[in-house]
Protein chains: 2
Amino acid sequence: MALSGRTVERLSVYRRLLVMQGQSGEESVYSHQLAEMVSGTAAQVRRDLMEVGVTGHSKRGYRVANLIEGISKVLDDPAGTRIVLVGAGDLGRAALGFIKGRNAALRIVGAFDNDPSKIGRVIHGYRCASIDELERVIAAEQVEVAIITTPAGVAQPVCDRLVAAGVRGIVNFAPTPLQVPEGVWVERVDIATALEKVTCLTRSV
Amino acid sequence: MALSGRTVERLSVYRRLLVMQGQSGEESVYSHQLAEMVSGTAAQVRRDLMEVGVTGHSKRGYRVANLIEGISKVLDDPAGTRIVLVGAGDLGRAALGFIKGRNAALRIVGAFDNDPSKIGRVIHGYRCASIDELERVIAAEQVEVAIITTPAGVAQPVCDRLVAAGVRGIVNFAPTPLQVPEGVWVERVDIATALEKVTCLTRSV
DNA sequence: TAGATTGTTAATCGATTAACAATC
DNA sequence: TAGATTGTTAATCGATTAACAATC
């Protein structure tokens with residue numbers, strides 16, 4: 001199928017909006033309505049939906065329930081995705097709060113830190129464990145995805161341990177690019193860059 | 001000059017790496033070294049640097065100090081950028097910690113919340129003020145950029161107030177796309193999407 | 001000099017948009 | 001039917017990469 005990263009991002013946003021919309025009672029949407037919500041074009045919405053294989057009706061548009069189901073079939077692993085988080089600082093806490101209860105297919109199975117004062121604490125319902133437990137939990141729970149919310153200085157060594165233990169996908173919040181071997185996917189969430197980009201581009205708009 | 005968003009993102013990362021590298025004593029870098037650090041190509045690095053106007057040496061590469069200065073001239077507003085943050089929850093706290101002391105050209109001039117229990121608290125050295133003060137501070141400090149770290153439900157009304165008060169650039173951490181008029185730049189930092197993207201693409205790599 | 005690197009243009013690649021027949 | 005919308009292909013656009021003369 002080979003969905004592009006851009007398409008996957010948009011699908012994720014469509015689904016989130018549709019889930020909200022579903023609660024408001026509307027049963028169907030037109031491509032131009034979805035486009036308006038994401039400030040995109042109707043053509044792109046239809047193209048994205050074509051790629052996931054959901055189909056609409058030439059007069060009534062797309063059924064919301066259909067869309068959510070079709071997008072979820074593409075985005076979610078039916079077996080669920082087990083996730084660990086490393087770095088229980090402000091950012092880690094924020095990430096945990098953000099994920100909690102948002103998507104049933106994403107399951108946090110461990111949060112780790114090397115700070116003894118954090119180990120044992122419960123954050124958003126997840127108990128923080130010692131980083132020494134990392135490899136054991138990854139193996140035991142067959143963890144495939146990890147979130148790095150450590151300081152920049154330890155992000156690479158943490159990444160190396162995660163990859164060695166079998167993690168195949170990483171969301172990196174640390175302000176450092178990570179070096180990973182072929183076959184590991186890294187998604188960067190770069191807060192510092194986002195801010196600098198806005199300040200720069202705001203002046204040229 | 002019209003730098004593309006992608007180029008600006010990479011410049012921000014180059015600079016951050018170079019600032020670290022500068023501390024390690026190296027005085028110059030080759031394009032292929034920078035490329036390796038960001039997992040990119042040397043051709044793209046040279047192209048990006050060409051666009052900012054810094055120039056290298058055909059044998060010695062680029063001087064680190066030159067690069068940092070040249071990139072900063074493009075990314076930073078010489079007058080400094082004044083920034084407000086709205087939403088002093090976990091995510092707001094993390095963002096404040098992240099920005100603090102990282103870039104002297106970016107200055108947080110206010111953090112706001114509507115929760116009385118948060119107002120007056122000091123977070124990473126910034127005192128949280130009532131959201132009622134928002135417009136006054138934006139006008140008084142000539143704020144151009146804002147960070148939204150509120151829950152999804154209030155992100156749009158907060159955005160509307162910011163824009164009405166004169167903000168031209170927004171970093172949006174809330175999981176909702178924002179509707180803004182022409183001339184306002186929104187940069188989305190979408191944690192939920194990043195996670196879903198990784199879980200989806202990890203399975204197809 | 002020979003060899004490596006820069007600066008820049010041309011070629012390639014991929015993603016978005018436009019267009020339109022088919023459908024209801 | 002007339003009008004609006006979908007599904008999909010072709011055209012356009014922009015960004016990345018390749019190539020190479022110029023430089024040291």
Side-chain angles (χ1 to χ4, degrees), chain A residues 1-14 18 26-67 69-71 74 177 185 188 193 197 200-201 204-205, chain B residues 1-14 18 26-67 69-71 74 177 185 188 193 197 200-201 204-205:
Chain A
M1 193 166 271
L3 254 39
S4 82
R6 292 287 182 84
T7 302
V8 170
E9 286 179 17
R10 287 190 298 264
L11 289 173
S12 163
V13 175
Y14 298 155
L18 289 166
E26 285 297 333
E27 289 203 346
S28 52
V29 277
Y30 297 119
S31 56
H32 64 85
Q33 293 178 307
L34 257 178
E36 198 189 356
M37 293 189 235
V38 300
S39 305
T41 66
Q44 181 158 80
V45 170
R46 290 202 301 277
R47 213 175 196 301
D48 290 336
L49 297 181
M50 185 188 77
E51 292 204 60
V52 315
V54 291
T55 161
H57 183 285
S58 71
K59 192 65 187 159
R60 275 167 278 148
Y62 300 85
R63 288 215 38 190
V64 171
N66 262 359
L67 289 180
E69 190 197 340
I71 294 174
V74 170
W185 181 280
R188 211 160 44 87
T193 289
K197 188 176 169 192
C200 175
L201 293 176
S204 61
V205 168
Chain B
M1 190 165 274
L3 254 38
S4 82
R6 292 286 181 86
T7 302
V8 170
E9 286 178 16
R10 285 189 298 264
L11 290 172
S12 162
V13 175
Y14 298 155
L18 289 165
E26 286 297 333
E27 288 203 346
S28 51
V29 276
Y30 297 120
S31 57
H32 63 84
Q33 293 178 308
L34 258 177
E36 199 189 354
M37 292 189 237
V38 300
S39 305
T41 68
Q44 181 159 81
V45 170
R46 291 203 300 279
R47 212 177 198 301
D48 289 337
L49 297 180
M50 187 189 77
E51 293 204 60
V52 316
V54 291
T55 160
H57 183 284
S58 70
K59 192 67 186 155
R60 275 168 278 148
Y62 301 86
R63 289 215 37 189
V64 172
N66 262 359
L67 289 180
E69 191 198 340
I71 294 174
V74 171
W185 182 279
R188 212 157 45 87
T193 289
K197 189 177 168 190
C200 175
L201 294 178
S204 61
V205 167

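The figures here come from the full heavy-atom set of this structure, side chains too, leaving out hydrogens, waters and symmetry mates. Naming convention: chains lettered A, B, ... in sequence-line order (proteins, then strands); numbering from 1 in each chain. Keep in mind it's a predicted model, so treat the numbers as computed, not measured.
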Rounding to an integer number of Å, can you tell me how far [X] [atom1] sits from [N] [atom2]?
X	N	atom1	atom2	result
B/Met50	C/dT8	CE	C1'	6 Å
A/Leu49	D/dT6	CG	P	9 Å
B/Lys59	D/dC24	NZ	P	13 Å
A/Arg60	D/dG3	CZ	C1'	16 Å

Does the side chain to side chain contact (heavy atoms under 4.5 Å, CB included) test come out yes or no for B/Val52 and B/Asp48, once each step is laid out? CA-CA 7 Å; B/Val52 316; B/Asp48 289 337; 5.9 Å; no
Between [X] and [Y], which heavy-atom pair has the shortest distance, and what is it?
X	Y	result
A/Gly70	A/Val54	CA-CG1, 3.5 Å
B/Val64	B/Glu26	CG2-O, 3.8 Å
B/Val74	A/Cys200	O-SG, 3.7 Å
B/Leu3	B/Glu51	CD1-OE1, 3.8 Å

Quick one: label A/Thr7 by what it contacts on the DNA or RNA (base, sugar-phosphate, nothing), any heavy atom closer than 4.0 Å.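 It contacts nothing in the nucleic acid.
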Just checking B/Ser4: base, sugar-phosphate only, or nothing, at a heavy-atom cut-off of under 4.0 Å?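 Result for B/Ser4 = sugar-phosphate.
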Test item: [X] and [Y] side chains (from C-beta on) under 4.5 Å apart, heavy atoms:
X	Y	value
A/Tyr14	A/Leu67	no
A/Glu36	A/Tyr30	no
A/Leu49	A/Ser31	no

Identified side-chain contact (heavy atoms from CB on, under 4.5 Å) partner of A/Arg10 from the options A/Val13, A/Val8, A/Thr7: A/Thr7
Quick check on contacts: within residues 32-48 of chain B, what sits under 4.0 Å from DNA chain D by heavy-atom distance? B/Thr41, B/Ala43, B/Gln44, B/Arg46, B/Arg47
N/O (side chain, B/Ser58) to phosphate O (OP1/OP2, C/dG7) under 4.0 Å: no
Within less than 4.0 Å of OP1 or OP2 of C/dT5, is there a side-chain N or O belonging to B/Tyr62?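 No, B/Tyr62 has no side-chain N/O under 4.0 Å of OP1/OP2 on C/dT5.
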Would you please enumerate the stems DNA chain D participates in, each stem being three or more consecutive Watson-Crick or G-U wobble pairs with both distances under 3.5 Å? C:3-24 with D:3-24
Out of D/dT5, D/dC24, D/dT8, which has the shortest distance to the side chain of A/Tyr30?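 Of all the options, the side chain of A/Tyr30 is nearest to D/dT5.
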